[in-house]
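These notes concern the structure reproduced below.
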Amino acid sequence: MQIRGLSTLLCRTSRRLSSRNYASLAFASVHPNEISGQHPADVKNLVGGKWSGSSKFDTLVDPLNGQNFIKVPNTSQSEVQPFIASLQSCPKSGLHNPLKNLERYLLYGDVSAKVANALRHPKLADYFARLIQRVSPKSYAQAEGEVMVTQKFFENFSGDQVRFLARSFTVPGNHLGQQSIGLRWPYGPVTIITPFNFPLEIPALQLMGALYMGNKPLLKVDSKVSIVMEQMLRLLHDCGMPLEDVDFLNSDGPVMNHVLVEAEPKMTLFTGSSRVAEKLAGDLKGRIKLEDAGFDWKILGPDVQQVDYVSWVCDQDAYACSGQKCSAQSILFMHENWTKAGVVDKLKTLAKRRKLEDLTVGPVLTVTTKRILDHIESLLKIPGSKIAFGGKPLSNHTIPEIYGAVEPTAVYVPLKEILKAKNFDLVTTEIFGPFQVITEYKTAELHLVLEACEKMHAHLTAAVVSNDVHFLQEVLGNTVNGTTYAGIRARTTGAPQNHWFGPCGDPRGAGIGTPEAIKLVWSAHREIIQDVGPVGSGWKTPPCT
């Protein structure tokens, strides 16, 4: 069966609601079921509280059929001065802080409560899930999960929870009237740059964290998916967020880079590729927090149990969202006991269940089919390497050639070959698609597995699948990944609203979602030493020192 278009696909694969008429959503300027080549959507910029376009637009193609279906501003360098001026208008002390405009903490608690309640409504949750599917095709369950995490986040920071983020402390001073006060202080003008793979969750959570702490953010989302966050901003406005609090820019990378250099925001949050992250770190003189890409590992320990469950989690970690998660399982280290238990065959069977019809496998938006197949061929030149399963393009589809379309794939590479200097960089190259490397180790070779983990450069997520306490201690004590799952149910993917999610081992590392993440990324420590006296009545000017 040939896939003719995403709107047709969605209508066929999920009918959760009796009606999907979104006309009653007053904030919405687009309806996901109506976006098509015949009825393209139109995304806007937002600056100074006003929505606007640009002199030129990019026309995005539908990832499933190649039709031109969304127009996005391609803002030029000559048009960005209002965005620069808006950022520069924000004082370093922010829009609010513990000593200024305190009512805004309450405002954002109220806004969060309203958004959380709105997203509880099935029609609105379905609206955002389907809008996500239109631009970043993934199964309905995965898209819906992204909406639910976002809803829970807003719920978590409703009411008084925003002002609790700014909780301070005092330490007694040396004499009466003196105390030191530690405050969480905003940066003021900030920027947020987020990728395509989670069009709602990542930008929404980071944006709100910035706002909660008193900053004025300029938001830049990957243009391929920016329509999702445009609609979320409209919902936020509808729920009471001041129009002037957030600017929203659609442009290419060089133009955004120009804005960053000229406006000199006091902090930038970047989520995306390590290559771009390193460039920005230099351009911004280190005033940046990074939640960059990761070549994420999973180790299956010697104690084999719950084989079907562990195999299912491995399949989900590697291939859900077509592997387009920064936390996706990139390499699987299997103890020989697991290979004897048939885990590879189980993975192969599970991977074969994935199909384009329900988007359990789908378009790869940043890596072409040729690039993926070329990488596979390069790996197969390593002695002892072989395709475990997959390794072929998807067939019978209309996905445009600018995107990737491959079967869920695993390539086996011998552990000792992985560690060779001539092979290591190739094997640990992140392919942001439905692809993973698998390998096997013996108990006496655990040190080689740990050596491989030590040599990797990005340390975002990891999993140690074992209930052997001593094995867990050995692996966890000698690794560094920022979000590490441990135990027989361990996974690499999953960033629910109650988990810190971010890399480790880099002082620029950013987190997302939790109070600790918000305070780390979006505020700085300020110490005010209050010293109001009194001065003793017998005080005299002391000798010079």
Side-chain angles (χ1 to χ4, degrees), residues 74-81 83-88 90 92 94 185-197 202-203 206-207 209-210 213 215-224 226 247-296 326 366-367 424-426 428-432 454-461 480-482 501-512 517-518 520-525:
N74 183 1
T75 311
S76 67
Q77 187 168 312
S78 64
E79 297 173 303
V80 296
Q81 188 55 41
F83 295 90
I84 295 172
S86 182
L87 271 179
Q88 292 177 336
C90 179
K92 295 176 183 177
W185 210 256
Y187 291 102
V190 300
T191 49
I192 303 168
I193 304 172
T194 61
F196 76 92
N197 54 334
I202 294 177
Q206 292 292 15
L207 176 69
M213 299 312 294
N215 302 287
K216 177 181 174 63
L218 167 61
L219 176 63
K220 167 72 172 75
V221 179
D222 188 314
S223 294
K224 291 191 292 292
S226 63
D247 296 329
F248 181 61
L249 173 62
N250 291 275
S251 72
D252 61 22
V255 168
M256 184 61 190
N257 193 263
H258 169 76
V259 172
L260 294 173
V261 172
E262 291 297 314
E264 296 185 315
K266 300 309 171 188
M267 215 291 290
T268 292
L269 179 282
F270 176 78
T271 304
S273 78
S274 297
R275 178 184 59 81
V276 177
E278 292 301 327
K279 180 187 185 306
L280 287 176
D283 291 345
L284 299 174
K285 301 179 175 64
R287 294 189 298 270
I288 192 167
K289 287 287 187 180
L290 303 176
E291 193 185 8
D292 56 353
F295 188 83
D296 305 302
C326 52
T366 58
V367 189
F424 191 79
D425 286 346
L426 173 64
T428 58
T429 295
E430 184 181 18
I431 296 295
F432 212 54
E454 178 73 14
K455 291 176 67 175
M456 295 176 195
H457 299 296
H459 303 290
L460 183 55
T461 67
V480 70
N481 294 58
F501 188 82
C504 188
D506 187 331
R508 304 167 299 179
I512 190 172
I518 291 171
L520 171 81
V521 175
W522 294 115
S523 69
H525 179 89

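Since the structure is predicted, the reported quantities are computational estimates derived from the model, not experimental observations.
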So [Y] and [X], do their side chains get closer than 4.5 Å, heavy atoms only?
X	Y	result
L520	K289	yes
R508	E278	yes
S251	M256	yes
L269	W522	yes
L260	I193	yes
S226	F248	yes
K216	S86	yes
D252	N74	yes

Mark yes or no for whether [X], through its side chain, and [Y], through its backbone, hold a donor-acceptor pair below 3.5 Å.
X	Y	value
Q206	G511	yes
E79	S76	yes
N215	P186	no

Heavy atoms only: give me the nearest [X]-[Y] pair and the separation to one decimal.
X	Y	answer
G188	C90	C-SG, 3.6 Å
N250	S223	OD1-OG, 4.2 Å
L207	P217	CD1-CG, 3.6 Å
P503	G509	CG-CA, 4.0 Å
V221	P203	CG2-CB, 4.1 Å
D296	C326	OD2-O, 2.5 Å

With distance as the sole criterion, is a donor-acceptor pair present between the side chains of T271 and T194 under 3.5 Å?
->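 On atom types as modelled, these side chains do not qualify, holding no pair under 3.5 Å.
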Have T461 and N481 got a donor and an acceptor in their side chains that come within less than 3.5 Å?
->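 Not at all, the side chains of T461 and N481 share no donor-acceptor pair under 3.5 Å.
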Pairing residues for K224 by the side chain to side chain donor-acceptor pair (under 3.5 Å) criterion, not counting sequence neighbours |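 Side chain to side chain donor-acceptor pair (under 3.5 Å) list for K224, sorted by chain: D222.
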Neighbour count >12 (heavy atoms, 6.0 Å) for atom CD, Q88 |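 Yes.
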Is the NZ or CZ atom of K92 both under 6.0 Å from the centre of the six-membered ring of Y187 and within 45° of that ring's axis?
->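 The answer is no, since K92 fails at least one limit relative to Y187.
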With D283 as reference, evaluate K285, K279, R287 under the salt bridge (charged side-chain N to carboxylate O under 4.0 Å, His left out) test and give the passing residue.
->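 The passing option is K279.
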Nearest-0.5 Å distance, [atom1] of residue [X] to [atom2] of residue [Y]:
X	Y	atom1	atom2	answer
M267	M213	CE	CE	11.5 Å
T75	H258	OG1	NE2	12.0 Å
L218	D247	CG	CG	6.0 Å
T428	H457	OG1	NE2	6.5 Å

Option passing side chain to side chain contact (heavy atoms under 4.5 Å, CB included) with L219 (candidates T191, I192, L249) |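 With L219 as partner, T191, I192, L249 yield a single side chain to side chain contact (heavy atoms under 4.5 Å, CB included), made by I192.
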